Amino acid sequence: MPGKWGDGRRVRIGLLGGSFNPAHPGHRHVAEMARHALRLDEVWLLVSPGNPLKPRAGMAPFGERLESARRIADGRRVIAVDVEARLGLRETERTLSRLRQLFPHAEFVWIMGADNMVQLPRWRRWRKLARGTPMAVLPRPGYTRRALDGPAAAVLRRYRRPCSALLAGAPRGHAAWCLVPAREHPASATAIRALRANATAAAPGHSPPSLPAPRQGAPAPAH
């Protein structure tokens, strides 16, 4: 686990940030594909204490999400970390800036699914993030083409490189990004939560919410 005050290791570290609500095999797939394609020493599952772009409703407690990330990690090459919570940070660009101070000899790569690249322009200081940190984008069902045709990819098109050249040096003073050639993994945290909710609703003893009584003279709701 990375120490609170950092260290001087000379390593390549991939950062896969997210809510992990919950973590699932798709996250592990993304971590492993990026690690092999970019020859990373480690991938950190950077569990967010709270994503500013996601509603709080339906968000599991931080400790529960961190524990789910630990279950899919191996603790050696893929590590679940609570760095953002310990640093009191929630915005990616600020987190990366602080990590570079704490780990001055490490090379960081931001790893994200194509779904996150679609919404990248909504992130605060996203251009500064892309300018200073190499990014690896992983295919995601329903999002890969949208990401490559989207506004973020259009702005950053001149900085796209093969993954083999991602860490070879910043082109024109700007970090590069690449699309990792990997198969799409179907797992989805949204789908997992929906399945859990359906299983709870179907459990013995669970009563569905009752419909309000019809108003006087109004027809009863159809079933």
Side-chain angles (χ1 to χ4, degrees), residues 1-4 6-7 9 11-92 95-96 98-99 102-103 106 108-117 119 135-143 180 182-203 206:
M1 292 291 293
K4 181 178 181 180
D7 57 51
R9 288 177 297 162
V11 288
R12 288 181 171 182
I13 300 172
L15 300 172
L16 177 58
S19 299
F20 297 93
N21 186 40
H24 53 70
H27 292 124
R28 179 62 185 265
H29 168 79
V30 166
E32 291 290 2
M33 293 298 100
R35 187 173 71 83
H36 288 289
L38 304 174
R39 298 182 180 180
L40 302 172
D41 297 294
E42 299 173 359
V43 173
W44 294 357
L45 307 180
L46 199 64
V47 184
S48 171
N51 187 330
L53 296 179
K54 290 188 177 181
R56 293 185 179 181
M59 187 65 66
F62 175 76
E64 184 177 316
R65 294 185 286 113
L66 177 62
E67 184 57 34
S68 76
R70 285 173 174 159
R71 285 195 293 269
I72 67 164
D74 62 17
R76 182 169 172 266
R77 298 294 187 187
V78 179
I79 307 167
V81 300
D82 59 354
V83 169
E84 281 193 306
R86 286 190 281 134
L87 295 176
L89 298 172
R90 295 187 180 206
E91 295 176 9
T92 301
T95 296
L96 281 159
R98 183 64 178 137
L99 288 176
L102 293 172
F103 303 89
F108 288 106
V109 177
W110 183 254
I111 302 169
M112 62 182 169
D115 51 332
N116 276 323
M117 190 169 190
Q119 66 167 342
M135 299 190 303
V137 180
L138 273 293
R140 290 280 292 141
Y143 289 97
V180 177
R183 66 179 177 84
E184 296 177 344
H185 195 288
S188 160
T190 301
I192 291 172
R193 292 195 302 274
L195 285 172
R196 288 179 177 177
N198 291 338
T200 299
H206 177 84

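Just so it is clear, the structure is predicted and the values come from calculations on it, not from any experiment. By convention here, the first residue in the shown sequence is residue 1.
Taking CE of M112 as the reference point, atom CH2 of W110 lies at 9.0 Å (rounded to 0.5 Å). Interatomic distance, R28 CZ to E32 CD, rounded to the nearest 0.5 Å: 4.5 Å. Atom CG of L99 is separated from atom CZ of F108 by 4.5 Å, given to the nearest 0.5 angstrom. Atom CZ of residue R76 and atom CD1 of residue I79 lie 10.0 Å apart, to the nearest 0.5 angstrom. Rounded to the nearest 0.5 Å, atoms CZ (F20) and CG (L66) are 10.0 Å apart.
Put simply, the side chain of H29 never gets that close to the backbone of A182: no donor and acceptor are under 3.5 Å apart. Looking at R65, its side chain does come within 3.5 Å of a backbone N or O of A60 through a donor-acceptor pair. Checking side-chain atoms of D41 against main-chain N and O of I13 turns up no donor-acceptor pair under 3.5 Å. A donor-acceptor contact shorter than 3.5 Å links the side chain of S68 to the backbone of A23. Formation of a donor-acceptor pair under 3.5 Å by the D115 side chain with backbone atoms of P141 is not found in this model. A distance-only check finds a donor-acceptor pair linking the side chain of S48 to the backbone of G50 [under 3.5 Å]. Of the possible donor and acceptor atoms, one in the side chain of D74 sits under 3.5 Å from a partner among the backbone N and O of R77.
Nearest heavy-atom pair, A73 versus L45, reported as atom, atom and distance to 0.1 Å: CB-CD1, 4.2 Å. Closest approach of E84 to T95, counting heavy atoms only: OE2-OG1, 2.6 Å. When every heavy atom of P49 is checked against every heavy atom of R90, the shortest pair comes out as CG-CG, 4.0 Å. The two atoms that bring W44 and V81 nearest to each other are CB-CG2, 4.0 Å, heavy atoms only. Between I72 and H24, the shortest heavy-atom contact is CD1-O, 3.6 Å.
Shown here are the side-chain hydrogen bond (donor to acceptor under 3.5 Å, both in side chains) partners of D7, two or more places apart in sequence or in another chain: R9. A search for side-chain hydrogen bond (donor to acceptor under 3.5 Å, both in side chains) contacts involving R70 returns nothing, not counting sequence neighbours.
Here the side chains of E42 and V78 are not in contact, with every heavy-atom distance at 4.5 Å or above. Side-chain atoms of Y143 and N116, non-hydrogen and from C-beta on, never get closer than 4.5 Å to each other. Residues R183 and H185 are in side-chain contact: their nearest non-hydrogen atoms beyond the backbone lie under 4.5 Å apart. Two residues are said to be in side-chain contact when any heavy atoms from C-beta on lie closer than 4.5 Å; L40 and V109 meet this criterion.
A side-chain contact (heavy atoms from CB on, under 4.5 Å) with I111 is found for one member of L15, V180, L138, L46 and no other, namely L138.
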